[in-house]
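Written below as structure tokens is the structure these notes are about.
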Amino acid sequence: MAPSLAMAALLASSALAHSYVPELHGSGTTNPSRLFWQLMDLMEERSKELIHMTYRATGSSVGMAEFAAGGVGLNHFGSGDIPLTSSWYNNITSTGREVLHIPFALGGIGVFHSVPTAELGSAGALNLTGCVLAKIFSRTITVWNDPEIIALNPGMTASAAIKVVHRIRGSSSTAGFTEYLQTKCGGSWGLSSGSTIVWPTGTYEAQGSGGMSDFIAQNEYSIGYIDAGHGHAAGLGEVALENKDGVYLTTKQADIGAAAIKALSAVPAVIPANPSDDFSAVNLYDLEGPTTWPITMISYLYVNKNQSTTDPESAGLLMAFMRMLLSDEGQNLAVNNLFSKLPAELLTYDQNALDSIILPADAPTYTFETSTQPLNGASDTVISSNRRSYAEYERSATIADLETLQASVTAMEARVAEVESVQATNSVIQLHGGGTTNPSKLFWQAMDLIAERSRLTLHMTYRAIGSSTGQREFEGQAPSYTSLNHFGSGDIPMPKERYDSIKAAGRTMLHIPFALGGIGVFHSVPSGAISGDLETTPCLLAQIFSRKITKWNDQRILDLNPTLTATSDIKVVHRVAGSSSTAGFTEYLQAVCPEEWIGLTGSTIAWPEGTASAEGSGGMADYIATHEGAIGYIDAGHGVDAGLAEVALQNKDGVYLTTKQADIGAAAREGLTANVIPASATDDFSAVNLYNLPGPTTWPITMISYIYVDQDLRAMRKETAALLVYFIQFILSDEGQAIATNKYNLFSKLPVELESYNAVALSTLLLPAGTTRFTTEFLTLPYAGAGTYVISGKRRSYAELERERTLDYVYDLQPSAAEEHDDDEHKHQDTYDKAVLGLALGAAGLGLGGLALIIAIITLIKVNSKSVPRSAEIQARQLEPPGSTTKSSV
């Protein structure tokens, strides 16, 4: 039957509307280009309508020029790591345009060096002031044993000439560094400032952050400035720079966001109150605060405040892009790209700026669907995370497949290496542990890396048997009560009866906190049924989980959530088997609201009738995701990673917040301050918990994961004792903590205060007489690096290299990575595409599909022998490791 005239007109109108593709274009600084490309790809893949978004990485100066060009600009936005110069700002405003500076990320310029660790003195760090730094880079100071350097670093023995390296071309890091020196110590600097300057004779040149890192790594006694993320990723030693408050710290120890917070609160404000004002004089150099980094940089978007003459679709798309960039997802991607995320104060500033933008009357409002919104989620202007491209899906699937293959290969290699070592020598050094399953992947990876980097033959194992079994095996059996392993591990402290049993056997044990995690509460109330976060108090939570409240429209819930429209039953889900998350959650409810809770606590309890059960964090997440109106507790990393909506729980200070909004480390800091954590790591920890501690950002259900170790290791073989100490130091190092916090382990990093606590604890360990400690080589140490007890980053296994290459190739599937390849690498693209196609066919095929999958993966690994730029995730493995280069006993 022919359609009616009205229907035909509607179809024609729809076809016409969708023949137009909304576009968004920008240009500017290269630093965030991968971040922008990734966000644009995600938005295009999640959009129902066809949209087209591009960003040209041209440099900050070109981005400014193109944004100003012709009085109207050549792009919808510009971007720079420096604010618009006064000349460009005046050029733009003279045409009647108001321009907004939108800060979207922060970065610190760090100073990195390659002075051998053994020559730094007992402190093991290199302290410098801004004025001494100015004299070094201006070549007034040319040797490392200059009296001004020695005065800041007692015991330092380095005496070589200082090799100063700088960027060869204009860069925002050069501008930031030279402007800081000019601001801080103009009298000692004497040179100009800006993105390019005339450097003194006797200095060295390098191109880009990579060139700077390579020069420092390859030339002992060098010093140079690099954006901090790249310096850390390269594993370089960092100068502890004196800040405005007289505190010496590195960028890793500093709070990069503190400079921005100070700039907003200063009187007069460093950052203009009105984002449309002239920002040309804005800098975050040498601001006050004990944790403030003195060379902090802001990256900006430049946008027109009045968008009324912009194409409505493009104006709407620009607003959506900026909102995604400033969202939790966007800021997390920025951190993956080696930026620091914005503090809450700057996000509020940005939101006010976005609210001031004047849009065309008919500009579409793009929204984001992060959890299923029936009907509304199907709208043309909804950017939905439930909508993906097959390319993005295949990238994720490829990573999962490769991880499975990697685990099998690693296990096989470990077994082969073990057999070969036993056959070849009787001098194998062994280390064995057992306990909680949560950190098992972290421990296994650490053990693999240490073994692969060791000159000696090491055999290291960890049995993932649960916290309770790990405690029993560390305690040992009557009558000797000798540990069955070299160390144990648990997500809970040693119970008093076991602690007393160990003590009665004449042993002194240490609790070494190595990671933190928050227990979050997640739900599946439809997003359309609640405005903002679902808020609860601890007592309301106790009433829900004890089944005293069974409906979402119970008045006690509505009193806290007046916009809630859900009326369904509440589906409470809990863990079916014993777990530390159950212990933490139930102990928290009992501690905070005993009158409403059922009085039961522990890793397994008898739950009220009408509740559902699930196995593991994955089972909990799956249940909540597939049952509307459900609620359950999950370790926060898994809940957030699963994309679940989280309850905003009231903490002790009365603040409602989620784990993403909270500072997980704050509970540990409060625990140390309030002596909840014992002053000595040898004390009884059985009563230790981090539940409901004070602090506006403190998460009320925070858990500590521990390593259990004997203080007196003198009965051990001395090589094993040394390896045990090194293993613990590795887990606590920057590299170990980076692995602990990655997406495969999902812990939270230890705060600095707990790192110091652990350092004191480890210093009390007693090693056998004559023990030689294992040390670390990342920067080449001629002669010393070849030592028997040196764990060298220069020494690797081919299996680790292949794993790294495989991950690199997976990251190459992302369009943003294409810009990183040189022409030679592009020649391999056809072969690589065939490998990816084979991977897809292998996953989809029948019968021989598994074989095709393996062949495709092997082709993927073997297709190119050239190394490619490492991703941020791989670079995290190159962080400065533990240990020193000296031989000593603890």
How many angstroms lie between [atom1] in [X] and [atom2] in [Y], if you round to the nearest 0.5 Å?
X: Ile136; Y: Asp146; atom1: CD1; atom2: CG; value: 8.0 Å
X: Gln737; Y: Phe730; atom1: CD; atom2: CZ; value: 11.0 Å
X: Asp328; Y: Asn332; atom1: CG; atom2: CG; value: 6.5 Å
X: Ser299; Y: Ile82; atom1: OG; atom2: CD1; value: 10.5 Å
X: Thr129; Y: Lys135; atom1: OG1; atom2: NZ; value: 8.0 Å
X: Phe104; Y: Leu342; atom1: CZ; atom2: CG; value: 9.0 Å

Do [X] and [Y] touch side chain to side chain, with heavy atoms closer than 4.5 Å?
X: Ser192; Y: Val198; value: no
X: Asn758; Y: Pro513; value: yes
X: Met297; Y: Ser172; value: yes
X: Thr174; Y: Tyr225; value: yes
X: Pro83; Y: Ser280; value: no
X: Pro275; Y: His101; value: no
X: Gln729; Y: Phe774; value: no
X: Thr251; Y: Leu241; value: no

Work out which heavy atom in [X] is nearest to a heavy atom in [Y]; give both atom names and the distance.
X: Gly736; Y: Leu442; answer: O-CD1, 3.8 Å
X: Tyr285; Y: Thr296; answer: CE2-O, 4.1 Å
X: Gly80; Y: Ser60; answer: CA-OG, 3.4 Å
X: Ser209; Y: Ile226; answer: CB-CG2, 3.9 Å
X: Phe279; Y: Ile271; answer: CE2-CG2, 4.0 Å
X: Gly257; Y: Pro343; answer: O-CG, 3.8 Å

Would a distance-only check, ignoring hydrogens and angles, find a side-chain to backbone donor-acceptor pair under 3.5 Å from [X] to [Y]?
X: Asn219; Y: Ile216; answer: no
X: Ser114; Y: Ser222; answer: yes
X: Trp293; Y: Gly107; answer: no
X: Ser188; Y: Cys185; answer: no
X: Gln253; Y: Thr250; answer: yes
X: Asp663; Y: Thr697; answer: no
X: Asn337; Y: Leu333; answer: yes
X: Glu670; Y: Gly695; answer: no
X: Asn651; Y: Gly654; answer: yes
X: Ser756; Y: Val752; answer: yes

Modelled atom types, side-chain donor and acceptor of [X] and [Y], under 3.5 Å:
X: Thr776; Y: Tyr726; value: yes
X: Ser173; Y: Asp227; value: no
X: Thr682; Y: Gln711; value: no
X: Arg139; Y: Thr203; value: no
X: Glu119; Y: Tyr221; value: yes
X: Asp286; Y: Thr183; value: no

Salt bridge flag under 4.0 Å for residues [X] and [Y]:
X: Lys244; Y: Glu288; answer: no
X: Lys184; Y: Glu242; answer: no
X: Lys749; Y: Glu735; answer: no
X: Glu777; Y: Lys794; answer: no

**Request:** Give a yes or no on this: more than 12 heavy atoms of other residues, nucleotides or ligands lie within 6.0 Å of atom OH of Tyr656.
**Result:**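 For Tyr656, atom OH is crowded (more than 12 foreign heavy atoms under 6.0 Å).
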
**Asked** Would you say Lys652 has more than 12 foreign heavy atoms packed within less than 6.0 Å of its NZ?
**Response**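 Not buried by this count: 12 neighbours or fewer within 6.0 Å.
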
**Prompt:** Going through the distances and angles, do Leu106 and Phe339 end up as a side-chain contact (heavy atoms from CB on, under 4.5 Å)?
**Reply:** CA-CA 6 Å; Leu106 298 174; Phe339 288 103; over 6 Å; no

**Message:** Show, in sequence, the C-alpha distance, side-chain angles and deciding distance for Ile223 and Val165, and conclude whether the side-chain contact (heavy atoms from CB on, under 4.5 Å) test is met.
**Reply:** CA-CA 6 Å; Ile223 190 169; Val165 60; over 6 Å; no

**Request:** Under the side-chain contact (heavy atoms from CB on, under 4.5 Å) rule, what do Tyr300 and Ile102 come out as? Steps first, then yes or no, please.
**Result:** CA-CA 5 Å; Tyr300 300 90; Ile102 308 292; over 6 Å; no

**Request:** Could you tell me how the ring of His511 sits relative to the ring of Tyr706: parallel (under 30°), tilted (30 to 60°) or perpendicular (over 60°)?
**Result:**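 Answer is perpendicular, since the angle exceeds 60°.
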
**Message:** Determine whether Phe137 and His166 satisfy the following criterion, ring-ring contact (aromatic ring centres under 6.0 Å, His included), listing intermediate values before the conclusion.
**Reply:** CA-CA 9 Å; Phe137 278 80; His166 60 82; 8.8 Å; no

**Request:** Step by step, work out the side-chain hydrogen bond (donor to acceptor under 3.5 Å, both in side chains) result for Asn243 and Thr292.
**Result:** CA-CA 7 Å; Asn243 69 6; Thr292 301; 5.5 Å; no

**Request:** Begin from the C-alpha positions of Val725 and Leu762 and carry the test side-chain contact (heavy atoms from CB on, under 4.5 Å) through to its verdict.
**Result:** CA-CA 8 Å; Val725 173; Leu762 292 180; 5.6 Å; no

